[in-house]
**Q** 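What follows is a single structure, and I will ask about it in a moment.
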Number of protein chains: 2
Amino acid sequence: MKQPTICPKFEKAISLLSQRWSALVIYQLLSGSQRFSEIQSAIGISGKVLSDRLKDLEHQGVVKRDVIPETPVIIEYSLTEKGRSLEPVLREIESWSQLWVKPEGDLS
Amino acid sequence: MKQPTICPKFEKAISLLSQRWSALVIYQLLSGSQRFSEIQSAIGISGKVLSDRLKDLEHQGVVKRDVIPETPVIIEYSLTEKGRSLEPVLREIESWSQLWVKPEGDLS
DNA sequence: ATAAGTTAGTTACTTTATGTAAGTAAGTAT
DNA sequence: ATACTTACTTACATAAAGTAACTAACTTAT
């Protein structure tokens with residue numbers, strides 16, 4: 001039974017950010033536009049899931065996909081204004097993590 | 001294949017917050033300690049998953065479980081200091097959501 | 001001109017996570 | 001005694017994520 005007393009905008013924001021990998025993809029793109037394989041190797045995500053996430057995020061207006069007609073075609077992903085506006089959120093998480101997270105227990 | 005160039009503490013924070021429902025549970029507890037069924041009906045989560053999440057969060061030191069030996073025993077969940085320290089993160093998400101999220105199925 | 005490599009994905013299949021519904025134990029209210 | 005509530009658990013179904021192999025278009029090396 002769903003009778004959420006929580007603000008639907010907030011809930012939607014949470015569901016966007018709690019989608020696995022989404023926050024990490026956005027965080028990665030904060031350092032500038034990047035290509036598919038760069039993002040992939042930077043955060044260790046599979047091609048399939050990265051492909052899904054980028055489509056989602058593009059659809060939600062957070063990420064922009066540009067086809068650059070260079071010698072071999074280059075596809076670049078970058079943040080839109082909406083995406084960049086998430087920077088304070090990610091920075092808060094970053095500083096929280098530095099204060100409160102103990103690195104043990106990450107068996108990768 | 002994982003070769004994350006991303007800070008492991010940050011990654012761990014992200015994986016905690018991207019666990020489905022976790023952020024919502026923490027957010028809900030920001031307004032004070034609550035019982036199982038209160039959280040359940042406030043955010044519309046199933047008993048099973050709430051039970052799992054509370055155990056996870058307790059294990060990570062974010063949530064505290066107190067058994068109060070009142071007339072019928074009352075079990076109260078609340079945030080630890082670590083949990084409360086996530087408030088700025090949730091507040092950032094909240095204010096971002098007010099500025100950028102359109103409530104219904106938004107196809108921008 | 002082959003052959004091998006890169007990029008940006010997709011497809012098929014497996015594993016894990018989540019959802020749903022029903023059940024349980026302890027206690028209360030009628 | 002019967003029905004109801006709380007805080008769960010169990011069993012089962014479905015959805016999401018992981019893995020690996022594959023493709024199409026192009027590039028470089030032989």
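Heavy-atom basis, side chains included; hydrogens, waters and symmetry copies ignored. The sequence lines fix the lettering, A, B, ..., with proteins before strands; numbering per chain opens at 1.
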**Q** Please collect all ring pair (Phe, Tyr, Trp, His ring centres under 6.0 Å) contacts where either partner lies in residues 22-43 of chain A, sequence neighbours excluded, each pair once.
**A**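 Of all non-adjacent pairs touching residues 22-43 of chain A, those that pass ring pair (Phe, Tyr, Trp, His ring centres under 6.0 Å) are Tyr27(A)-Phe10(B).
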**Q** Measure from the side chain of Arg53(A), starting at C-beta and using heavy atoms only, and say which of dA16(D), dA17(C), dT28(C) lies closest.
**A**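 Of dA16(D), dA17(C), dT28(C), dA16(D) is nearest to the side chain of Arg53(A).
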**Q** Round to a whole Å and report the spacing from CG of Leu50(A) to C1' of dA17(D).
**A**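 After rounding, the reported distance stands at 13 Å.
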**Q** Filter on ring pair (Phe, Tyr, Trp, His ring centres under 6.0 Å), then keep only pairs touching residues 73-95 of chain A, sequence neighbours left out; what's left?
**A**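 Qualifying pairs, neighbours excluded: none.
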**Q** Could you pull out all residues at least two apart from Ser85(B) that satisfy side-chain contact (heavy atoms from CB on, under 4.5 Å)?
**A**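 If we apply the side-chain contact (heavy atoms from CB on, under 4.5 Å) test to Ser85(B), skipping adjacent residues, the hits are Trp96(A), Trp100(A).
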**Q** Could you tell me whether the side chain of Gln98(A) reaches within less than 4.5 Å of the side chain of Cys7(B), counting heavy atoms only?
**A**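 Result yes, sub-4.5 Å side-chain heavy-atom pair found.
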**Q** Ile45(A) CD1 to dG9(C) P: how many Å, rounded?
**A**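 Roughly 13 Å, once rounded to whole Å.
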**Q** Should Gln19(B) be listed as having a side-chain N or O under 4.0 Å from OP1 or OP2 of dT18(C)?
**A**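 Yes, Gln19(B) has a side-chain N/O under 4.0 Å of OP1/OP2 on dT18(C).
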**Q** For the side chain of Pro72(B), starting at C-beta, report the closest nucleotide among dC26(D), dG19(C), dT28(C).
**A**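 Minimum distance to the Pro72(B) side chain belongs to dT28(C).
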**Q** Give the residues of residues 23-33 of chain B touching DNA chain D, defined as any heavy atom closer than 4.0 Å, sorted by residue number.
**A**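 Correct list: empty, so none.
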**Q** Among residues two or more places apart or on two chains, list those pairs meeting salt bridge (charged side-chain N to carboxylate O under 4.0 Å, His left out) that have a residue in residues 63-79 of chain A.
**A**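 Residue pairs with at least one partner in residues 63-79 of chain A: Lys64(A)-Asp66(A).
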**Q** Does the side chain of Trp21(B) get closer than 4.0 angstrom to OP1 or OP2 of dG19(C) through an N or O atom?
**A**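 Indeed, a polar side-chain atom of Trp21(B) lies that close.
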**Q** My understanding is that only residues two or more places apart in sequence, or in another chain, count here; which of them pass side-chain contact (heavy atoms from CB on, under 4.5 Å) with Gln34(B)?
**A**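 Scan of Gln34(B) (side-chain contact (heavy atoms from CB on, under 4.5 Å), adjacent residues dropped) gives Gln28(B), Leu29(B), Ser31(B), Glu38(B), Ile39(B).
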**Q** Taking side-chain hydrogen bond (donor to acceptor under 3.5 Å, both in side chains) as the test, write out the residues that go with Glu87(B), two or more places apart.
**A**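 Counting only residues at least two positions away or on another chain, Glu87(B) forms a side-chain hydrogen bond (donor to acceptor under 3.5 Å, both in side chains) with Arg91(B).
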**Q** Starting from P on dT7(C), measure out to CD1 on Ile39(A) and report it in whole angstrom.
**A**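 Result: 13 Å.
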**Q** For every nucleotide of nucleotides 7-13 of chain D, 5' to 3': is a protein heavy atom under 4.0 Å from its base (B), only from its sugar-phosphate (S), or from neither (-)?
**A** SSBBB--
**Q** Anything under 3.5 Å between a donor and an acceptor, one on a side chain of residues 43-57 of chain A, the other on a protein residue two or more places apart or in another chain? List them.
**A**
residue, atom, partner, partner atom, Å
Ser46(A), OG, Val49(A), N, 3.3
Arg53(A), NE, Arg20(A), O, 2.8
Asp56(A), OD2, Gln19(A), NE2, 3.4

